[in-house]
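Notes follow the structure.
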Amino acid sequence: MTTLEQRVQELEDIEEIKALKIKYAQVCDDNYDPPGIGALFTEDGVWDGGEGFGVHNGRQAIQDFFAEVRKDFTFALHYYMGPQINVDPSGRTATGTWYMWLPATVSGRAMFISATYDEDYKKLSGRWFFSRMKINMKFITPYESGWVKEPMALG
């Protein structure tokens, strides 16, 4: 049986993780600010974009990746929905899943992007960070074609 204090702490941790995800959306929507994004990950964090975007290990590699991304992604507005967050009883780690919808401008083209995210989080010195972010792309498609005509178009 958990105490009321433990239950409240878990709810506070979940809200802090949600705020971390919103901060990630904000720095991505701010021209994919590399230092801002990097600061949200542990030093050894992993950003895994799968086949299309690659796996980037460590804060510096993540920042370097986003320094390149911002050259092609000139507009983005990240919408994250449906979080399922589970905090480990230790209160030091957690896992989460999210849905994403993203209108974006990629290489001068209006695009729709959809994905799900699987994430691991770590609490260090009282603050939550991403320790692993795995993006599961559903589609990247030009606005004018839509996901029915070009479900996995890469631009």
Side-chain angles (χ1 to χ4, degrees), residues 9-88 91-143 146-147 151-155:
Q9 183 60 57
E10 180 180 7
L11 292 172
E12 287 178 352
D13 287 336
I14 289 169
E15 289 304 312
E16 289 173 22
I17 290 168
K18 288 178 182 178
L20 173 68
K21 188 65 172 185
I22 295 305
K23 182 65 177 170
Y24 176 79
Q26 290 170 333
V27 293
C28 286
D29 295 346
D30 185 21
N31 196 29
Y32 290 93
D33 172 35
I37 293 169
L40 303 176
F41 283 81
T42 59
E43 261 319 309
D44 62 349
V46 176
W47 190 95
D48 182 352
E51 272 185 50
F53 296 100
V55 178
H56 308 280
N57 295 296
R59 185 178 286 160
Q60 188 60 54
I62 293 167
Q63 290 178 187
D64 293 346
F65 169 70
F66 281 103
E68 292 301 313
V69 165
R70 69 192 315 194
K71 294 175 184 176
D72 292 322
F73 280 71
T74 56
F75 167 79
L77 192 57
H78 290 73
Y79 293 92
Y80 290 108
M81 300 153 278
Q84 296 292 313
I85 299 167
N86 297 297
V87 179
D88 183 81
R92 294 187 304 267
T93 62
T95 59
T97 61
W98 297 80
Y99 288 93
M100 182 196 70
W101 178 251
L102 173 63
T105 304
V106 183
S107 301
R109 279 182 91 179
M111 304 291 273
F112 286 133
I113 303 170
S114 179
T116 60
Y117 282 59
D118 296 314
E119 298 174 340
D120 295 332
Y121 314 97
K122 190 177 284 186
K123 193 174 195 179
L124 303 170
S125 300
R127 185 171 158 221
W128 286 99
F129 294 88
F130 295 105
S131 59
R132 184 186 65 89
M133 182 181 287
K134 168 75 172 114
I135 296 91
N136 308 295
M137 299 303 299
K138 300 304 178 187
F139 59 79
I140 300 175
T141 189
Y143 164 80
W147 52 88
M152 289 301 289
L154 294 176

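Numbers here simply count residues along the sequence, with the first being 1.
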Q: Grab the two heavy atoms, one from Ala76 and one from Tyr32, that are nearest each other, plus how far apart they are.
A: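 Minimum heavy-atom separation between Ala76 and Tyr32: CB-OH, 3.4 Å.
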Atom pair [atom1] ([X]) and [atom2] ([Y]), whose distance is rounded to the nearest 0.5 Å:
X: Ile85; Y: Ile14; atom1: CD1; atom2: CD1; value: 6.0 Å
X: Phe73; Y: Glu68; atom1: CZ; atom2: CD; value: 13.0 Å
X: Tyr121; Y: Thr93; atom1: OH; atom2: OG1; value: 12.0 Å
X: Lys134; Y: Thr116; atom1: NZ; atom2: OG1; value: 8.5 Å
X: Asp33; Y: Gln63; atom1: CG; atom2: CD; value: 8.5 Å
X: Trp128; Y: Ile17; atom1: CH2; atom2: CD1; value: 4.5 Å

**Q.** Side chains of Tyr24 and Tyr80, donor plus acceptor under 3.5 Å
**A.**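 There is no such pair (donor and acceptor under 3.5 Å, judged by atom type) between the side chains of Tyr24 and Tyr80.
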Q) Taking the side chain as C-beta and beyond, is there a heavy-atom pair between Ile113 and Met137 under 4.5 Å? A)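 Sidechains of Met137 and Ile113: in contact.
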(Q) Any heavy-atom pair between the side chains of Lys18 and Glu15 that's under 4.5 Å? (A)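 Result yes, sub-4.5 Å side-chain heavy-atom pair found.
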Q: Output yes when a side-chain donor or acceptor of Asp48 lies under 3.5 Å from a complementary backbone atom of Gly50, and no otherwise.
A: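 Looks like yes, one N/O pair under 3.5 Å.
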(Q) I need the single residue from Phe112, Tyr79, Tyr117 that forms a ring pair (Phe, Tyr, Trp, His ring centres under 6.0 Å) with Trp101. Which is it? (A)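 Going through the options one by one, the only one that passes is Phe112.
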(Q) Parallel, tilted or perpendicular: which one describes the rings of Phe53 and Phe65, with boundaries at 30° and 60°? (A)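 Phe53 vs Phe65 ring planes: perpendicular.
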Q. Would Val27 and Lys23 count as a side chain to side chain contact (heavy atoms under 4.5 Å, CB included) if you check the C-alpha gap in whole Å, the side-chain angles of each, and the deciding distance to 0.1 Å?
A. CA-CA 6 Å; Val27 293; Lys23 182 65 177 170; 4.1 Å; yes
**Q.** Evaluation steps, side chain to side chain contact (heavy atoms under 4.5 Å, CB included), between Phe130 and Ile62
**A.** CA-CA 12 Å; Phe130 295 105; Ile62 293 167; over 6 Å; no
Q: Let me see the working for Asp118 and Asn136 under side chain to side chain contact (heavy atoms under 4.5 Å, CB included), right down to the final yes or no.
A: CA-CA 8 Å; Asp118 296 314; Asn136 308 295; 3.0 Å; yes
Q. So which of Gln9, Glu16, Glu10 actually passes side chain to side chain contact (heavy atoms under 4.5 Å, CB included) with Val87?
A.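 Checked Gln9, Glu16, Glu10 against Val87; only one passes side chain to side chain contact (heavy atoms under 4.5 Å, CB included): Glu10.
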Q. So does Asp120 pair up with Arg132, basic N to acidic O under 4.0 Å?
A.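 The answer is yes: the pair qualifies as a salt bridge.
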Q. For the side chain to side chain donor-acceptor pair (under 3.5 Å) test, which of His78, Glu119, Gln26 pairs with Lys21?
A.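 Running side chain to side chain donor-acceptor pair (under 3.5 Å) over His78, Glu119, Gln26 with Lys21 returns exactly one hit, Glu119.
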Q.
Checking Met133 against Phe41 for the side chain to side chain contact (heavy atoms under 4.5 Å, CB included) test, could you report, in this order, the C-alpha distance in whole Å, the side-chain angles of both residues, the deciding distance, and whether it holds?
A. CA-CA 9 Å; Met133 182 181 287; Phe41 283 81; 3.9 Å; yes
